[in-house]
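We count ligands from 1, going down the list as the structure has it; atoms in each ligand are counted the same way.
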Amino acid sequence: MEKKQELYSGKAKSVFATDNDDFVVLSFRDDTSAFDGEKVEQLSRKGEINNKFNAFIMQYLADNGVPTHFESLINDTESVVKNMAMIPVECVVRNVATGSLVRRLGVEDGMELNPPVFEFFLKNDALHDPMVNEFHIETFGWAKAGDVSKMKDLTFKVNTLLKQLFADAGMVLVDYKLEFGLFNGEVYLGDEFSPDGCRLWDAQTRKKLDKDRFRQGLGGVIEAYEEVARRIGVPL
Ligand code: 5GP
């Protein structure tokens, strides 16, 4: 498959056309951003780690019945994925209270959430990704009601699968964000799953092993991503 012109450049990934309209190339860059793009740094090897991490997780999810856009790794920093129409909504599941949930509701940081909490956010940096609900999504036409329900079901299915995967490797999947798209009218998991878009804590020490190390200036960001990858068996 031949890589063609750049179609879109996001905060951490770029998308390129290919000679087949059904597929695009996702290119993972070293750029690391936080606070809606206000803090940006280059972290060496991050593109490669996230590309390989994402390939491993997407393959694991696909093997366990979650439809994903992932097709194949093509080199250290790039993968081929289905060319989807992305739904501009972020789906977040939280197993432990932290981050924006604590800021918004004043609940105790680190509190276990049973049942887990589900939230939708509109993907819009200028508006700082405001929280929305099913009514906003349907009324403003961001997705059809049936597809909203599929996104929710798939996000919970991912929770069951990944909570266990990380628990088996001594980590707590605290929360994560997923994005979905449509391909031939069907809902597929898109974007990426990597430590950039989830929170992972060591189960014993509660050490943060995700992008909060970057957001909070804790250092050792790439070392933490590599540790997570090594623990779950991602070939780096
Ligand atoms: P919070 O709402 O607490 O900031 O984030 C909840 C979870 O979703 C965290 O795991 C966080 O990394 C992820 N998340 C939420 N919004 C974004 C986003 O715009 N980009 C990325 N990479 N992750 C996000």
Side-chain angles (χ1 to χ4, degrees), residues 8-15 26-43 46-47 49-51 53-54 57-58 69 86-113 116-133 137 142 151-152 154-156 158-159 161-163 165-167 171-181 189-202 206-218 221-222 224-225 228:
Y8 172 78
S9 185
K11 293 194 288 289
K13 297 190 292 301
S14 303
V15 181
L26 262 194
S27 182
F28 290 73
R29 307 194 312 269
D30 286 342
D31 298 318
T32 312
S33 78
F35 314 121
D36 303 317
E38 274 172 37
K39 176 176 178 178
V40 182
E41 279 174 33
Q42 295 262 313
L43 296 179
K46 195 198 65 138
I49 295 166
N50 279 5
N51 183 41
F53 195 102
N54 176 63
I57 295 283
M58 290 278 173
H69 69 158
M86 292 304 291
I87 296 168
V89 166
E90 301 180 341
C91 298
V92 169
V93 161
R94 302 174 186 273
N95 296 304
V96 177
T98 195
S100 76
L101 181 73
V102 168
R103 288 197 296 278
R104 269 182 281 124
L105 303 182
V107 294
E108 187 194 339
D109 203 314
M111 172 189 174
E112 197 174 318
L113 300 172
V117 166
F118 184 99
E119 296 170 337
F120 287 116
F121 297 92
L122 177 64
K123 198 172 156 66
N124 185 320
D125 278 345
L127 298 177
H128 304 292
D129 293 354
M131 185 189 275
V132 294
N133 64 30
I137 297 172
W142 298 321
M151 292 190 325
K152 204 164 24 168
L154 288 171
T155 304
F156 275 116
V158 167
N159 197 39
L161 292 167
L162 296 190
K163 229 169 45 171
L165 179 83
F166 289 114
M171 290 172 280
V172 179
L173 178 60
V174 171
D175 56 26
Y176 58 91
K177 179 263 301 178
L178 300 181
E179 295 179 30
F180 293 87
L189 176 60
D191 191 48
E192 70 180 280
F193 191 101
S194 74
D196 266 5
C198 69
R199 289 190 174 99
L200 291 161
W201 293 349
D202 180 86
R206 300 223 139 190
K207 179 183 171 187
K208 296 179 201 300
L209 299 168
D210 55 68
K211 197 158 92 173
D212 271 353
R213 300 202 71 80
F214 175 73
R215 294 188 186 100
Q216 298 172 12
L218 299 174
V221 181
I222 290 306
Y225 285 28
V228 176

Go through ligand 1 atom by atom and flag the ones less than 4.0 Å from a non-hydrogen atom of [X].
X: Gly197; result: 10 (O), 12 (O), 13 (C), 22 (N), 23 (N)
X: Cys198; result: 10 (O), 12 (O)
X: Asp196; result: 12 (O), 21 (C), 22 (N), 23 (N)
X: Gly99; result: 3 (O)

Judging by distance only, is a nitrogen or oxygen of Glu90 under 3.5 angstrom from one on ligand 1?
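Right, the criterion is met.
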
Please report whether ligand 1 has a polar contact with Asp129, defined as an N or O pair separated by less than 3.5 Å (distance criterion only).
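Right, the criterion is met.
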
Considering only heavy atoms, does Arg215 approach ligand 1 within less than 4.0 Å through its side chain, its backbone, both, or neither?
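It is the side chain that touches ligand 1; the backbone stays farther off.
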
Closest by any non-hydrogen atom to atom 6 (C) of ligand 1: pick that one out of Arg199, Lys177, Lys211.
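That would be Arg199.
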
Using heavy-atom distances, let me know which of Asn124, Asp175, Leu200 sits nearest atom 9 (C) of ligand 1.
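Closest candidate by heavy-atom distance is Asp175.
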
If every non-hydrogen atom of Lys163 is compared with every non-hydrogen atom of Leu173, which pair is closest and at what distance?
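The pair with the smallest heavy-atom distance is N-CD2, 3.9 Å.
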
Heavy-atom closest contact (Pro88 atom, Leu122 atom, distance)
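Answer, listing the atom of Pro88 first, then Leu122: O-CD1, 3.4 Å.
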
Could you tell me whether Asp175 and Arg199 have a side-chain N and a carboxylate O separated by less than 4.0 Å?
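Salt bridge between Asp175 and Arg199, a charged N being under 4.0 Å from a carboxylate O: yes.
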
Can you list everything that forms a ring-ring contact (aromatic ring centres under 6.0 Å, His included) with Phe156? Sequence neighbours excluded, please.
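Partners of Phe156 by the ring-ring contact (aromatic ring centres under 6.0 Å, His included) criterion, ordered by chain and then number, come out as Phe118.
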
Looking at Lys211 and Ser33, would you say the former's side chain and the latter's main chain have a donor-acceptor pair under 3.5 Å?
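Pair found, side chain donor or acceptor close to backbone of Ser33.
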
Any non-hydrogen atom of Arg94 lying under 4.0 Å from ligand 1?
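Arg94 counts as a contact of ligand 1 under the 4.0 Å cut-off.
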
